[in-house]
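A short worksheet on the structure shown next.
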Amino acid sequence: MMDGGRFAMSDPEYESYYNRFKDIFFMKKDIPVFYIPGNHDIGLGNSGAFSSNAYDRYQKHFGPLNQNVEIANHSFVMVNAPGLVDEDNDRAMKGVSYARWAAAMPGGPIEFVYSTGGHAGHSETPTILLTHIPLARPEGSDCGPLREKWTIHQGVGFGYQNTLSDEASEFVLQALKPSAIFSGDDHDYCGYWHTLPGSNGRTVKEVSVKSFSMAMGVKVPGFQLLSLFPASYSGKESFQDIPCFLPNQNRIYLSIYVPLVFFSLLSLLVSNFHRVKALDNSQTYWNSSGTDAMESWAEGRAYLDAGAWRATTPTSIDEQVPLRKVSEAPNEDEDDEAYSLPVPGSSARRAFARSRTCSKSWSFILWGRRRHMTLDSSCLSSVLSPFFYQDGRNPMDYRRSRAGFFRGVFRDVFDVAWPALVLFVLLAWWTFL
């Protein structure tokens with residue numbers, strides 16, 4: 001359950017570690033839960049790094065080390081496999097039989113298997129064995145098509161042992177005569193058929209269950225689903241099991257996230273390329289027509305200074321009057337349109353209102369009268385802009401439009417990426433808190 005539960009640590013640190021596990025695998029109190037110790041929970045072998053309180057802490061928080069539970073007319077035998085390895089090594093060094101060791105060491109895993117086998121082997125109830133460490137098998141044995149890579153090799157190292165010894169495996173199979181075996185530790189799926197000793201060739205399948213985590217060296221995590229049939233079921237088998245696979249996280253990253261990041265960067269590059277190209281075209285146009293524009297501006301300025309034209313600056317909507325030529329004696333040959341009357345104030349107000357009208361509108365009945373409502377994102381932006389920007393204008397808009405290609409791309413990538421990064425950090429902090 002806990003990757004570092006076997007190591008020496010203070011009680012508050014262990015409690016924090018345990019509470020994190022319970023938060024991740026939260027279960028309602030009315031659902032029965034049974035735990036099996038692994039080598040990372042209580043340790044395996046002798047090491048100064050392992051806590052002397054590992055066994056006591058495990059039993060206090062997770063329950064007994066060895067259990068025999070009746071569920072739906074099936075007997076579930078849960079063995080303390082790391083403790084069985086340690087006891088079996090001591091037994092083999094002293095050259096004592098399993099029967100004598102069980103009598104001399106009551107309460108240990110060997111005594112539990114030996115005493116439980118006396119009941120389970122003669123009962124009509126099917127026995128299902130649960131052990132963290134897989135049983136022994138010939139080196140290089142095939143694990144079936146659901147295995148991702150290689151097979152389960154025999155091996156021993158710091159705090160682990162890949163399989164039980166040949167003698168211990170034979171002892172467990174002969175004592176319990178299980179109908180099914182489920183093991184763990186290897187992290188990958190493995191299906192292997194064992195021959196039960198003294199059963200005239202009867203075989204039993206052992207399934208090494210996949211790890212639930214993608215961080216355990218498997219591309220496709222998973223778990224095993226076991227269904228138990230009631231005692232009234234008349235079929236040959238009283239249970240069925242099937243592996244259940246979780247999504248391939250690496251494939252999700254490579255086939256979804258990476259392409260989305262690529263297309264997002266590509267769109268930002270293309271957008272900034274067109275922006276810079278349009279900016280260059282506008283500068284080229286200004287450089288080519290700037291002389292003529294300055295000459296026209298100078299002539300118009302001189303004409304205004306001569307007093308021939310007067311411009312009125314409206315202070316309200318009602319005073320919006322276009323430029324009018326000032327002359328005491330108009331010439332009849334001149335265009336009459338130059339002396340047309342100003343636009344009426346009501347018409348100016350309507351034109352101004354149309355320019356400010358929102359594009360989204362709808363009507364509804366409220367309190368017996370028809371109401372009309374309009375809403376548009378541009379109007380909302382114009383209303384909120386004065387609260388965020390001086391003079392109601394975003395000063396970054398002009399800077400962004402005049403920025404170079406690489407600076408524009410960098411700013412766009414930052415604007416697109418920072419919300420996702422902040423959300424990822426918050427979720428990671430919440431998950432690992």
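Everything numeric in this text was worked out from a predicted model, so none of it was measured.
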Apply side chain to side chain contact (heavy atoms under 4.5 Å, CB included) to the pair I128 and L228, showing each step before the final yes or no. CA-CA 11 Å; I128 298 178; L228 305 178; 4.0 Å; yes
Given F229 and Q240, is the side chain to side chain contact (heavy atoms under 4.5 Å, CB included) satisfied, shown in steps? CA-CA 8 Å; F229 303 143; Q240 291 288 338; 3.6 Å; yes
Walk me through it: do F182 and D241 pass the test side chain to side chain contact (heavy atoms under 4.5 Å, CB included)? CA-CA 10 Å; F182 296 97; D241 68 282; 3.9 Å; yes
Kindly determine whether E87 and E111 satisfy side chain to side chain contact (heavy atoms under 4.5 Å, CB included), including the steps that lead there. CA-CA 10 Å; E87 271 200 357; E111 189 272 335; over 6 Å; no
Any chance you could lay out the ring pair (Phe, Tyr, Trp, His ring centres under 6.0 Å) test for F50 and Y55, step after step, and finish with the verdict? CA-CA 11 Å; F50 297 161; Y55 273 66; over 10 Å; no
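Remark: F263 CZ is loosely packed, at most 12 non-hydrogen atoms of other residues, nucleotides or ligands lying under 6.0 Å away. Taking a 6.0 Å sphere around CZ of F245, one finds it holds more than 12 heavy atoms contributed by other residues, nucleotides or ligands. Open room surrounds CZ on R407; 12 or fewer heavy atoms of other groups in view lie less than 6.0 Å from it. Remark: D30 CG is packed, more than 12 non-hydrogen atoms of other residues, nucleotides or ligands lying under 6.0 Å away. Atom CG of L423 has more than 12 heavy atoms from other residues, nucleotides or ligands within 6.0 Å. The local environment of CZ in F273 is sparse, with at most 12 non-hydrogen atoms from other residues, nucleotides or ligands closer than 6.0 Å.
Identified under the disulfide bond (SG atoms under 2.5 Å apart) test for residues 161-211, with sequence neighbours left out: C143-C190.
N248 is not listed as a side-chain neighbour of I252, based on a closest heavy-atom distance of 4.5 Å or more. The closest side-chain heavy-atom distance from F62 to I36 is not below 4.5 Å. Within the 4.5 Å cutoff, the side chain of L130 has no heavy atoms near those of the F34 side chain. Between Y58 and Y35, some side-chain heavy-atom pair lies under the 4.5 Å cut-off. Taking the side chain as every heavy atom from C-beta outward, I133 and L84 never approach each other to under 4.5 Å. Counting heavy atoms from C-beta outward, Q224 and Y189 have side chains that approach closer than 4.5 Å. Residues F212 and L246 form a side-chain contact, since some pair of their non-hydrogen atoms from C-beta on lies under 4.5 Å apart. Here the side chains of R147 and D186 are in contact, with some heavy-atom distance below 4.5 Å.
The residue from V79, N80, V85 that alone fulfils the side-chain contact (heavy atoms from CB on, under 4.5 Å) condition with P82 is N80.
Among all heavy-atom pairs drawn from A54 and G5, the shortest one is CB-O, 4.4 Å. The two residues V113 and L176 make their nearest non-hydrogen contact at O-CD2, 4.0 Å. In terms of heavy atoms, M214 sits closest to N250 at CE-OD1, 4.4 Å. Here the closest non-hydrogen pair linking Y192 and P138 is OH-CD, 3.1 Å. Here the closest non-hydrogen pair linking H153 and N162 is O-ND2, 2.8 Å. For the residue pair F405 and L269, the shortest heavy atom distance occurs at CE1-O, 3.5 Å.
F171 and Y98 have parallel rings, their planes meeting at less than 30° on a 0 to 90° scale where 60° marks the start of perpendicular.
Note that the CG atom of D185 and the CE atom of M216 stand 11.5 Å from one another [nearest 0.5 Å]. From R251, atom CZ reaches atom OH of Y257 across 15.0 Å, with rounding to the nearest 0.5 Å. For the atom pair CG (L129) and NE2 (H194), the distance works out to 9.5 Å, reported to the nearest 0.5 Å. For the atom pair D188 CG and S208 OG, the distance stands at 9.0 Å (nearest 0.5 Å). Remark: M2 CE to M9 CE distance equals 6.5 Å, nearest 0.5 Å. For the atom pair CG (D86) and CG (N46), the distance works out to 7.0 Å, reported to the nearest 0.5 Å.
Counting only distance, with no hydrogens or angles, the side chain of Q154 and the backbone of R137 share a donor-acceptor pair below 3.5 Å. A side-chain donor-acceptor contact under 3.5 Å links S267 to the backbone of S264. A side-chain donor-acceptor contact under 3.5 Å links S115 to the backbone of F112. Side chain of E15 to main chain of D11: no donor-acceptor pair is present (N/O by atom type, distance under 3.5 Å, no hydrogens or angles). Judged by distance alone, the side chain of Q174 and the main-chain N or O of G198 form no donor-acceptor pair under 3.5 Å. Using modelled atom types, no side-chain atom of T151 and backbone atom of G140 make a donor-acceptor pair closer than 3.5 Å.
Salt bridge D41/R6: absent, no basic N to carboxylate O contact under 4.0 Å. Salt-bridge annotation for D88 and R91: present, with a side-chain N of the basic residue lying under 4.0 Å from a carboxylate O of the acidic one.
For the residue pair S183 / T131, no side-chain donor-acceptor distance below 3.5 Å is found, with atom types taken as modelled. Residues H132 and N39 bring a donor and an acceptor atom of their side chains to less than 3.5 Å of each other. The closest side-chain donor-acceptor pair between N68 and S75 falls under 3.5 angstrom.
Residues H61 and F21 keep their aromatic ring centres 6.0 Å or farther apart.
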